[in-house]
2 protein chains.
Amino acid sequence: MQGHSLQRHLILDYLRNTGEHPTAERIAEALSRGGHAASTSNLYRNLTILVAGGQVRRLSLDDGPDRFDANLDPHYHVTCTRCNRVWDVAIQEGDRCDLALPEGFRPGVWEITVRGICAACARGPHPFES
Amino acid sequence: MQGHSLQRHLILDYLRNTGEHPTAERIAEALSRGGHAASTSNLYRNLTILVAGGQVRRLSLDDGPDRFDANLDPHYHVTCTRCNRVWDVAIQEGDRCDLALPEGFRPGVWEITVRGICAACARGPHPFES
DNA sequence: GTACATGCAAAAAGTTTGCCGACTC
DNA sequence: GAGTCGGCAAACTTTTTGCATGTAC
């Protein structure tokens with residue numbers, strides 16, 4: 001975890017400490033709030049470097065902007081189609097996912113996203129935004 | 001399956017008869033080849049209508065353009081990270097995917113994508129393109 | 001002083017929208 | 001003739017790139 005510029009450190013810290021999967025825009029807001037505003041271009045450049053270094057994953061879960069995720073533990077994603085929030089859910093004892101892969105295919109990363117309605121949205125009236 | 005214009009019919013036919021998950025660009029090429037070229041704008045408009053009508057699914061599997069899929073049977077996706085091709089793999093007897101979802105979450109669509117290296121790419125030298 | 005880091009502006013890629021004319025019933 | 005359909009061009013959003021300046025060691 002050496003060799004990162006300050007900005008890159010801050011991005012990584014933020015990603016590690018937020019439970020969300022922020023978009024680039026939200027990351028920029030967070031940096032700004034912390035008094036270390038970053039230009040969009042450099043933010044993306046740094047995110048690209050972090051992704052290339054394997055410290056961050058880039059997710060294209062929905063039609064909006066990409067989301068970034070510093071949780072490298074095996075997990076899957078649960079997204080609410082009403083409020084658009086995304087949760088990490090760690091793989092737990094008892095979870096299984098055995099699928100018949102094609103002959104000769106060498107699996108790498110498994111990406112599992114379950115779309116549905118979260119508990120909050122299922123209850124209350126639609127809150128319009130995450 | 002009524003009420004579709006000719007162009008929309010052709011798009012749907014093409015999507016149903018190709019084993020691939022073409023991008024809008026590839027669909028346009030196919031229509032063109034068939035002598036029914038469509039403007040990009042109307043192609044997207046029609047795809048949007050088909051998606052809204054539930055006859056087609058829109059996939060954002062990688063960083064490139066969206067892909068469209070008229071296979072509505074339960075299936076998951078396998079993509080080769082070298083040649084970028086995408087396959088549908090039908091759920092088979094013996095497949096299982098039981099995950100512990102959060103309390104109160106009402107699951108809808110499950111999206112499972114397995115990234116890896118396909119048999120062809122694992123063998124030969126890198127073919128550079130799908 | 002070489003290599004990395006940053007910001008700004010411009011470009012690129014993918015997709016959507018506005019507008020207007022054509023076709024359908 | 002109201003509503004759908006289609007094309008073209010322009011807009012828009014997200015992300016990347018070029019370039020010139022600034023910083024680190």
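Just so it is clear, the values below take in all heavy atoms, side chains as well, and ignore hydrogens, waters and symmetry mates. Below, read A as the first sequence line, B as the second, and so on, with proteins coming before strands; counting in each chain starts at 1.
- Of the candidate nucleotides dG7(C), dT14(D), dG14(C), dG14(C) has the atom lying nearest to any side-chain atom of Pro65(B).
- A straight line from CG of Leu43(B) to P of dC8(D) spans 13 Å, rounded to a whole angstrom.
- Nucleic acid contact class of Gln7(B) (heavy atoms, under 4.0 Å, all strands): sugar-phosphate only.
- Residues Leu50(A) and Leu43(A) share a hydrophobic cluster, clusters being chains of Ile/Leu/Val/Met/Phe/Trp/Tyr side chains in contact below 4.5 Å.
- Atom CD of Glu29(A) has more than 12 neighbouring heavy atoms from other residues, nucleotides or ligands inside a 6.0 Å radius.
- At whole-Å resolution of the value, CG in Leu50(B) and P in dT4(D) are 16 Å apart.
- Neither Ile117(B) nor Val78(B) shares a network with the other; the hydrophobic side chains, linked directly or stepwise wherever heavy atoms of I, L, V, M, F, W or Y lie under 4.5 Å apart, form separate groups for each.
- We find that OH of Tyr44(B) is positioned 16 Å from C1' of dA10(D), with the value rounded to whole Å.
- In terms of modelled atom types and a separation under 3.5 Å, the side chain of Thr81(B) and the main chain of Gly116(B) share a donor-acceptor contact.
- Looking at the side chain of Arg45(B), the nearest of the listed nucleotides dT6(C), dT14(D), dC8(D) is dC8(D).
- Residue Glu25(A) contributes atom CD, which lies 10 Å from atom C1' of dT14(D) at whole-angstrom precision.
- Distances were taken from every side-chain heavy atom of Ser41(A) (C-beta onward) to each of dT14(D), dT15(C), dG7(C); the shortest belongs to dG7(C).
- Regarding Leu6(A), its CG atom lies at a distance of 12 Å from the P atom of dA5(C), rounded to whole Å.
- Listed nucleotides: dC5(D), dC8(C), dT16(C). Nearest to the side chain of Ser5(B): dC5(D).
- Remark on DNA chain D: of its neighbouring residues Asn42(B) and Ala24(A), the 5'-side contact belongs to Asn42(B), judged by nearest-heavy-atom nucleotide.
- Between His21(A) and His75(A), the ring planes lie tilted relative to each other; the angle falls in the 30° to 60° range.
- Here dC5(D) presents its P atom at 14 Å from CG of Leu47(B), a figure rounded to the nearest Å.
- Between Arg58(A) atom CZ and dT15(D) atom C1' the separation is 7 Å, expressed in whole Å.
- Side-chain nitrogen and oxygen atoms of Asn46(B) include none within less than 4.0 Å of the OP1 or OP2 phosphate oxygen of dC5(D).
- In this structure, the CG atom of Leu10(B) is 14 Å from the P atom of dC5(D), given to the nearest Å.
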